[in-house]
Number of protein chains: 2
Amino acid sequence: MENKTTIHDIAKALKIDASTVSRALNNSPRVSQKTKARILAKANEMGYQRNVLASNLRKSVTNTIGVIVPRISRHFFSSVISGIEEAAYDAGYNVIICQSLEQLKRERKIIETLLANRVAGVLLSVSMETVEFDHLLNMKNNGTPFLFFDRHCEIEGISSVLIDDLQGGFEATEHLILNGCKNIGHFSGPQELAIYRNRTAGYRKALEKHKIPFRPELILRSSLMENDGAEGAKTLLSLPYDIDGLFSANDVAAIGAMKYFKKEGIRVPENVAIVGFSNEPVSGIIDPSLTTIDQPGFQIGQIATKLLLDEISNSSKDNIIIGKTTIQKSSLIERDSSRRIT
Amino acid sequence: MENKTTIHDIAKALKIDASTVSRALNNSPRVSQKTKARILAKANEMGYQRNVLASNLRKSVTNTIGVIVPRISRHFFSSVISGIEEAAYDAGYNVIICQSLEQLKRERKIIETLLANRVAGVLLSVSMETVEFDHLLNMKNNGTPFLFFDRHCEIEGISSVLIDDLQGGFEATEHLILNGCKNIGHFSGPQELAIYRNRTAGYRKALEKHKIPFRPELILRSSLMENDGAEGAKTLLSLPYDIDGLFSANDVAAIGAMKYFKKEGIRVPENVAIVGFSNEPVSGIIDPSLTTIDQPGFQIGQIATKLLLDEISNSSKDNIIIGKTTIQKSSLIERDSSRRIT
DNA sequence: CTGTTAGCGCGTTCAT
DNA sequence: ATGAACGCGCTAACAG
C-alpha cells in the first residue's frame, strides 16, 4: 500500500551507497552508465518513487509555480490558466492557483504564502487595487523569479507578457468608425492599470486618425463591473446628443450596458465593440450588436510559462538578469463570421 | 533578505528547547499560556516564518488540496474552482489545479503526481473516458481523502457533491413541453457518466408525464463538443418530421447547434433548453431562443471543499469512513427575467 | 508542562 | 566513479 522504497533500500539491494543512487536518479554525469542502468532497473523493479517532500526540503525549492489572477471565473483568466497548466505540466511542474479578487490585501497575503511554500516561480496579473509594489519588490529581493501577464507593473528586470492594448483599442474604435459611428462612448477602467490607459489611448488615436473631435464626457471610468456598465449606459443616454457606438474596455461592463438597453426597451446601437471579451463558445451567438476583440488567453499562458521556466533555470544556474520581454498580440474577431480582421 | 530564523534560533534566544517552540507555534495545549505568549512574541520579533517544506516532510502531508477537472476554461468548472479556492483559502489550504482534458491517461498521471506530492486531499470531476477506477481505488487504499463533484463514480465510502441532474433534465424538457413543443431532440453524452444518464432519464420522465411518445431517434449521443452539436442539429433536421424543441445535455453542443442553424439560415426553434450552462455574465443577453439550467458551480465548490476538509481532519484523528453524502441542487433560469423557476 | 532524542528522505559536501 | 557522513528544519515520540 504505502510506498516505502527509499534510495537506501535500493542501495542496499545493490550493495552500493545511497548517494550513488541519488546521483543516478538525478542523472548526474558522475555515475557510470552501467551502474546508472542497474540502479534505474532496480528502482523500477522495486517501484521506487522519489519522496518529493524530502527532495523539496533539501533543495529548498518546490516544483510548483504559483499563479495569481484577479478571478478564476473570468473566461480570459481561466484560458490563461489553461495555457499555463499545459505548459507547466509538460515541464513537470505543478500549478497552484490563487485569486486576488481584485484586493491588494489578498494579493499580499497570497504572495506571502507562495514564498513560504517556496514556489519555483510566480506568474501574476495584478489586482485593480495594486498601486503599491512593496510585496512585489519583496518577492524580487527574495530571489523568486516572476513574470507579469496581461496586467503589469513597471518593475526593473521583471518581464511581462502583454496584449497590445493600444492597438486593440484602436482597432475596436476604428471598427466602429468604419461602420459609421461618430459619437462613440467609451467605458474605461482604473487609470493606474496600463491596460486601461492603453485601450483609452487607442480610442483617442482612432478618433484622431479619422478627424473625429474628442469629447471628454464620452469617456466613463469605473471598475467595469456589470452595474458600472448599466450606469454608464444610462449616463451616455442622458447626454444632449445621441451616441451611436460604444467601446467598452471589458466584456462585463459591455454586457451590463447591453442588459440595461434591453431592459429599458432601447434599441441597442448597431455597433458595439468590446475589448477583453474572449468567451469563445459564446462569441458566435451572442447579441449581434456586439463585436469583440479576442484576447488569446491560452497562448499568453503558454508563453508566460515558458519564459518563467527559462528564468527559473537560468536563475539557478547564474544570476543573470533577463531584460524586459514584451509579447504583443491582438486580433479583432467579427461576430458573425468568426473571421479575424488584422 | 533570506529568512533564516528557525525554531532553534528563537529557542536559543529564550533559553528553552526547540520542541517547546514548535509546540507553541502549533498551538499545542501542552504549553503554558505564559511561555506560549513569550514564544509568539519572540517569533514575531525575529520575523520567524515556519519552513513549510520541513514541516511537510516531517508530517509527510502538505497543506495543499488537489483539484482535477476536465477543463478549467469551461465556465462551470472555473466557478467550482473559484468556490474551492475560497473555502480552502479560509482554512489555510492551497489549491493545486489540474486538467484531465477528458483523458483517462492524463487523469491517472495527475493522481499519481498528486499522491507523490502528498496532497492533503483531492476533489475531482472525472473525465469522460473514466470507465476504469483502478487509479481511484489506488488513491483510496493509499489513504488520501477525496470527493467527487459533478461527475462521479460509485465507489464505496467515497462521497460526492452532485447536482440533481434528473430533476434538471426533467425541468428542461417540461419547460419545452409547456411551451408547446412535441418533438424534442435531445443531445446526450457518454452513458458511462451518471450525469448524462440522469439528464436523459429526466427527459424521458417529462415526456411520460405529459404523455408524449418517446422516439429513440430523437436522442443523439456524442461527446457534446461544439461540432457534435452542429452534426446533431443536421441529423435532427434530416428527420422526416419537424422538431420543435431541443434539450442539450450541455451548453457547448447546444451552441454548436445554434451556430449551425444560423449558418444554414434556418429559423432556430422557438425554445431550446440547455442543461449545464452557467455562464453568468452572458446568460442575460444570450440568444433569446436559449433557456438554461443553472449549475451553481461556486456553491458546489465550497460545499465539496468543506466536506473534504472534514474528512481530512477526521481521517487523521481516526479511520472512520463517512457515508456517501449527496448534495443536490437544481434550478432553472429563464433567460429574460433571470428569475428562477423552482 | 518542558527537555531529550531521534529521525523524515534526500542531496551534497568531502574524501578516496 | 563511488562511499561516508552530515544536515535541511521540523515534529513526534518518550521521559521526567
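Throughout, protein chains are lettered first and strands after them, A, B, ... in sequence-line order, and every chain is numbered starting at 1. The shown structure was predicted, so the numbers you read here are calculated from the model rather than taken from an experiment.
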Rounded to whole Å, please give me the gap between [atom1] in [X] and [atom2] in [N].
| X | N | atom1 | atom2 | value |
| --- | --- | --- | --- | --- |
| Ile10(B) | dG9(D) | CD1 | P | 15 Å |
| Leu14(A) | dT2(D) | CG | P | 11 Å |
| Met46(A) | dG9(C) | CE | P | 14 Å |
| Asp17(B) | dG9(D) | CG | P | 17 Å |
| Asn27(A) | dT12(C) | CG | C1' | 17 Å |
| Leu53(B) | dC8(C) | CG | C1' | 13 Å |
| Lys34(A) | dT2(D) | NZ | P | 8 Å |
| Leu25(B) | dG9(D) | CG | C1' | 12 Å |

Under 3.5 Å, which N/O atoms of the protein pair with N/O atoms of nucleotides 13-16 of chain C?
| residue | atom | partner | partner atom | Å |
| --- | --- | --- | --- | --- |
| dT13(C) | O4 | Arg23(A) | NH1 | 3.3 |

Does a nitrogen or oxygen in the side chain of [X] sit under 4.0 Å from OP1 or OP2 of [N]?
| X | N | answer |
| --- | --- | --- |
| Tyr48(A) | dG9(C) | no |
| Asn51(A) | dC8(C) | no |
| Thr20(A) | dA1(D) | no |
| Ser22(A) | dG9(C) | no |
| Ser55(A) | dG11(C) | yes |

Problem set entry | Ser82(A)-Ser79(A) side chain donor-acceptor pair, cut-off 3.5 Å |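 No, Ser79(A) and Ser82(A) have no side-chain donor paired with an acceptor closer than 3.5 Å.
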
Exercise. Does anything in residues 110-146 of chain A pair up under ring-ring contact (aromatic ring centres under 6.0 Å, His included), and if so which pairs, sequence neighbours excluded?
Worked result: Phe146(A)-Phe148(A)

Exercise. How sharply is the helix from dC1(C)-dG16(D) to dT16(C)-dA1(D) bent, taking the axes over five pairs at either end and rounding to 10 degrees?
Worked result: 30°

Problem set entry | salt bridge (charged side-chain N to carboxylate O under 4.0 Å, His left out) pairs, two or more places apart, involving residues 75-92 of chain A | Glu85(A)-Arg106(B)

Please tell me which of the listed nucleotides, [options], lies nearest to the side chain of [X]?
| X | options | answer |
| --- | --- | --- |
| Ile7(A) | dC10(C), dT2(D), dG9(D) | dC10(C) |
| Ala54(A) | dA1(D), dA4(D), dC10(C) | dC10(C) |
| His8(A) | dC10(C), dG9(D), dT2(D) | dC10(C) |

Seminar exercise, completed: Residue pairs passing the side chain to side chain donor-acceptor pair (under 3.5 Å) test with at least one member in residues 8-18 of chain B, sequence neighbours excluded, are Asp17(B)-Ser19(B)

Can you sort out the partners of [X] under side-chain hydrogen bond (donor to acceptor under 3.5 Å, both in side chains), two or more places apart, ordered by chain and number?
| X | value |
| --- | --- |
| Thr113(A) | none |
| Asn26(A) | Arg50(A) |
| Glu102(B) | Arg151(B) |

Problem set entry | Partner residues of Glu112(B) under the side chain to side chain contact (heavy atoms under 4.5 Å, CB included) criterion, sequence neighbours left out | none

Problem set entry | Val61(A): partners by side chain to side chain contact (heavy atoms under 4.5 Å, CB included), with sequence neighbours left out |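 By the side chain to side chain contact (heavy atoms under 4.5 Å, CB included) rule, Val61(A) matches Ala120(A).
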
Result block: side-chain N/O donor-acceptor pairs under 3.5 angstrom for residues 35-46 of chain B, not counting sequence neighbours:
| residue | atom | partner | partner atom | Å |
| --- | --- | --- | --- | --- |
| Thr35(B) | OG1 | Ser32(B) | O | 3.1 |
| Thr35(B) | OG1 | Ser32(B) | OG | 2.8 |
| Lys36(B) | NZ | Asn27(B) | OD1 | 3.1 |
| Lys36(B) | NZ | Ser28(B) | O | 3.0 |
| Lys42(B) | NZ | Glu45(B) | OE2 | 3.4 |

Problem set entry | Atom pair CG (Leu53(A)) and CG (Asn56(B)), whose distance is rounded to the nearest 0.5 Å |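 So the gap between those two atoms works out to 5.0 Å.
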
Exercise. What does Ile16(B) touch in the nucleic acid at a heavy-atom separation under 4.0 angstrom: a base, only the sugar-phosphate, or nothing?
Worked result: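 If one applies the 4.0 Å heavy-atom cut-off, Ile16(B) turns out to touch the sugar-phosphate alone, with no base involved.
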
Problem set entry | Positive for side chain to side chain donor-acceptor pair (under 3.5 Å) with Thr130(B), one of Gln103(B), Glu192(B), Glu107(B) | Glu107(B)

For this session: Check each residue of residues 56-65 of chain A for a non-hydrogen atom within less than 4.0 Å of any atom in DNA chain D, then write out the ones that pass by number, or none.
Result: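 The stretch gives Leu57(A), Arg58(A) as the residues lying under 4.0 Å from the strand, ordered by number.
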
